[in-house]
*Asks:* 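Below you'll find the structure I mean.
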Amino acid sequence: MTKKDLIIYTDGASRGNPGPGGWAAIIFADGQVMEIAGAATKATNNQMELAAVEAVLSDGGALSWKGPVVVHSDSAYVINGLTQWVKGWEHNGWMTRAKTPVENKALWQRLSGCAKEYGTRLRFEKVKGHAGEMYNERCDALAVAYALGEKPHLFSGKEKDYETFLKDSGATVKRTVSKKVKPKKDSRTPYAYVSC
């Protein structure tokens, strides 16, 4: 992480599909860390994954950030949707190649609009889910807790204090390398999606 980058980790969860849902994000900016989270009474896992990214990218603080913005997610649905599929959906009037309406259209439209405001400053990195990566695991734990109606303490403070907070909270501290994802030029719309 550099001080020029706004680093974001996100995750979503639902207890049932659909069922009670939760989402969470961790934001690293200029030596500070802030956790945010939210819940929905009835949502799918994919909807919560999208809600987590939208919550951060639509925020005025993130929008005003002048440097690179990097979103880490374990959701292939979110990353592929924003880097590959959304252009085809928009071109095809929000229809898939199978001529069916895009699922979660309203969420995708809002998120696509947010992403466009960042332009080339925005990039995505794929994190392997449930592999012990500290920040991904923390987002997952918060999202699940919120889906279950719990309200764990959310951290807001200096980055140097965050790992201690996580260790004291029982979070794992293994770090893994994220895979950088570059948008592909193929604008074809997929037939089906899988959230990982």
Side-chain angles (χ1 to χ4, degrees), residues 6-29 33-59 61-63 69-86 89 101-115 118 122-156 162 166 169-172 176 178-179 181 190 192-196:
L6 178 65
I7 305 294
I8 302 161
Y9 283 79
T10 66
D11 206 358
S14 66
R15 308 287 46 129
N17 211 17
W23 60 265
I26 305 169
I27 305 153
F28 293 84
V33 179
M34 182 172 62
E35 297 178 334
I36 61 172
T41 54
K42 187 175 181 182
T44 66
N45 183 71
N46 283 341
Q47 289 167 342
M48 293 294 89
E49 296 277 8
L50 291 168
V53 177
E54 182 190 10
V56 180
L57 293 185
S58 65
D59 181 74
L63 284 165
V69 177
V70 185
V71 176
H72 299 256
S73 174
D74 63 9
S75 172
Y77 178 70
V78 168
I79 291 175
N80 291 337
L82 286 171
T83 62
Q84 298 173 46
W85 305 336
V86 77
W89 291 337
V102 170
E103 288 185 34
N104 303 313
K105 174 183 167 183
L107 282 166
W108 280 116
Q109 287 177 320
R110 290 195 307 268
L111 194 49
S112 175
C114 287
Y118 291 88
L122 179 63
R123 76 174 196 268
F124 294 87
E125 294 193 8
K126 179 78 166 72
V127 176
K128 186 172 182 181
H130 309 288
E133 201 287 334
M134 178 168 42
Y135 306 131
N136 177 257
E137 294 288 345
R138 176 63 177 170
C139 282
D140 180 67
L142 290 173
V144 169
Y146 270 71
L148 294 172
E150 301 168 4
K151 300 285 171 101
H153 177 70
L154 299 176
F155 181 87
S156 182
Y162 190 50
L166 291 178
S169 300
T172 50
T176 57
S178 300
K179 178 182 174 187
V181 179
Y193 336 104
V194 177
S195 178
C196 300

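Hydrogens, waters and symmetry mates play no part in the numbers below; they use all other heavy atoms, side chains included. Computed from a prediction, not measured in an experiment: that's the story for all the values here. The first residue in the sequence is number 1, and the count goes up from there.
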*Asks:* Side chains of Glu49 and Asp74: closer than 4.5 Å at any heavy-atom pair?
*Replies:*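 The answer is yes, as the side chains (C-beta and beyond) meet within the 4.5 Å cut-off.
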*Asks:* If you measure from CZ on Phe124 to CD1 on Ile8, what distance do you get to the nearest 0.5 Å?
*Replies:*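 One finds 8.5 Å between CZ of Phe124 and CD1 of Ile8.
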*Asks:* Testing the basics here: between Ala40 and Ala43, what is the closest heavy-atom pair and its distance to 0.1 Å?
*Replies:*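 Looks like CB-CB, 4.1 Å.
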*Asks:* Determine the minimum heavy-atom distance between His153 and Glu35, stating which atoms define it.
*Replies:*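 Closest approach of His153 to Glu35, heavy atoms only: O-OE1, 3.9 Å.
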*Asks:* Go through the structure and list residues passing ring-ring contact (aromatic ring centres under 6.0 Å, His included) with Phe155, not counting sequence neighbours.
*Replies:*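 With sequence neighbours excluded, Phe155 shows a ring-ring contact (aromatic ring centres under 6.0 Å, His included) to Tyr162, Phe165, given in chain and number order.
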*Asks:* Has the side chain of Asn17 got a donor or acceptor atom that lies under 3.5 Å from a matching backbone atom of Asn45?
*Replies:*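 Side chain of Asn17 to backbone of Asn45, a donor-acceptor pair under 3.5 Å: yes, one is there.
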*Asks:* Distance from Ile36 atom CD1 to Ile27 atom CD1, nearest 0.5 Å?
*Replies:*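 Between atom CD1 of Ile36 and atom CD1 of Ile27 there are 4.0 Å.
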*Asks:* To the closest 0.5 Å, what do you measure between CG (Leu50) and OG1 (Thr44)?
*Replies:*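 Between Leu50 CG and Thr44 OG1, I get 8.0 Å after rounding to 0.5 Å.
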*Asks:* Quick check: do Glu133 and Tyr9 have side-chain heavy atoms less than 4.5 Å from each other?
*Replies:*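 Of all side-chain heavy-atom pairs linking Tyr9 with Glu133, at least one is under 4.5 Å.
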*Asks:* Return the set of residues passing side chain to side chain contact (heavy atoms under 4.5 Å, CB included) with Ala145 (not counting sequence neighbours), or none when no residue passes.
*Replies:*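 Once residues adjacent in sequence are excluded, the partners of Ala145 under the side chain to side chain contact (heavy atoms under 4.5 Å, CB included) criterion are Glu150, Pro152.
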*Asks:* Measure across Trp23 and Ala51 and return the closest heavy-atom pair with its distance rounded to 0.1 Å.
*Replies:*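 Closest heavy-atom pair between Trp23 and Ala51: CD1-CB, 4.0 Å.
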*Asks:* Are the side chains of Ile26 and Cys139 in contact, using a 4.5 Å heavy-atom criterion?
*Replies:*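 Of all side-chain heavy-atom pairs linking Ile26 with Cys139, at least one is under 4.5 Å.
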*Asks:* Is there side-chain contact between Arg15 and Val144, with at least one heavy-atom pair below 4.5 Å?
*Replies:*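 Counting from C-beta outward, Arg15 and Val144 do come under 4.5 Å.
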*Asks:* Spell out, as yes or no, whether a donor-acceptor pair under 3.5 Å connects the side chain of Tyr118 to the backbone of Leu63.
*Replies:*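 Between the backbone of Leu63 and the side chain of Tyr118 there is a qualifying donor-acceptor contact (under 3.5 Å).
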*Asks:* How far apart are the closest heavy atoms of Met48 and Gly21, and which atoms are they?
*Replies:*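 Closest heavy-atom pair between Met48 and Gly21: SD-C, 3.6 Å.
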*Asks:* Between Lys126 (side chain only) and His72 (backbone N and O only), is there a donor and an acceptor less than 3.5 Å apart?
*Replies:*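 Side chain of Lys126 to backbone of His72, a donor-acceptor pair under 3.5 Å: no, none is there.
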*Asks:* Please enumerate all residues that pass side-chain hydrogen bond (donor to acceptor under 3.5 Å, both in side chains) together with Asp140, with sequence neighbours excluded.
*Replies:*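 With neighbours one apart ignored, the set is empty.
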*Asks:* Rounded to the nearest 0.5 Å, what's the gap from CZ on Arg123 to OG1 on Thr83? Could you check?
*Replies:*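 It is 13.5 Å, given to the nearest 0.5 Å.
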*Asks:* Do you know which of Leu57, Leu6, Val56 makes side-chain contact (heavy atoms from CB on, under 4.5 Å) with Val71?
*Replies:*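 Passing option: Leu57.
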*Asks:* Restricting to non-hydrogen atoms, name the atom on Ala143 and the atom on Ala24 that form the minimum distance, rounded to 0.1 Å.
*Replies:*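 Shortest heavy-atom contact: N-CB, 3.9 Å.
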*Asks:* Could you tell me which non-hydrogen atom of Ser14 sits nearest to which non-hydrogen atom of Gly19, and how far apart they are?
*Replies:*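 Looks like CB-O, 4.4 Å.
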*Asks:* State, yes or no, whether a side-chain contact exists between Leu166 and Met134 at a heavy-atom distance under 4.5 Å.
*Replies:*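 When only atoms from C-beta onward are counted, Met134 and Leu166 do touch, with a gap below 4.5 Å.
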*Asks:* With rounding to the nearest 0.5 angstrom, report the CG to CD distance, Asn104 to Gln47.
*Replies:*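 Here the rounded value is 4.5 Å.
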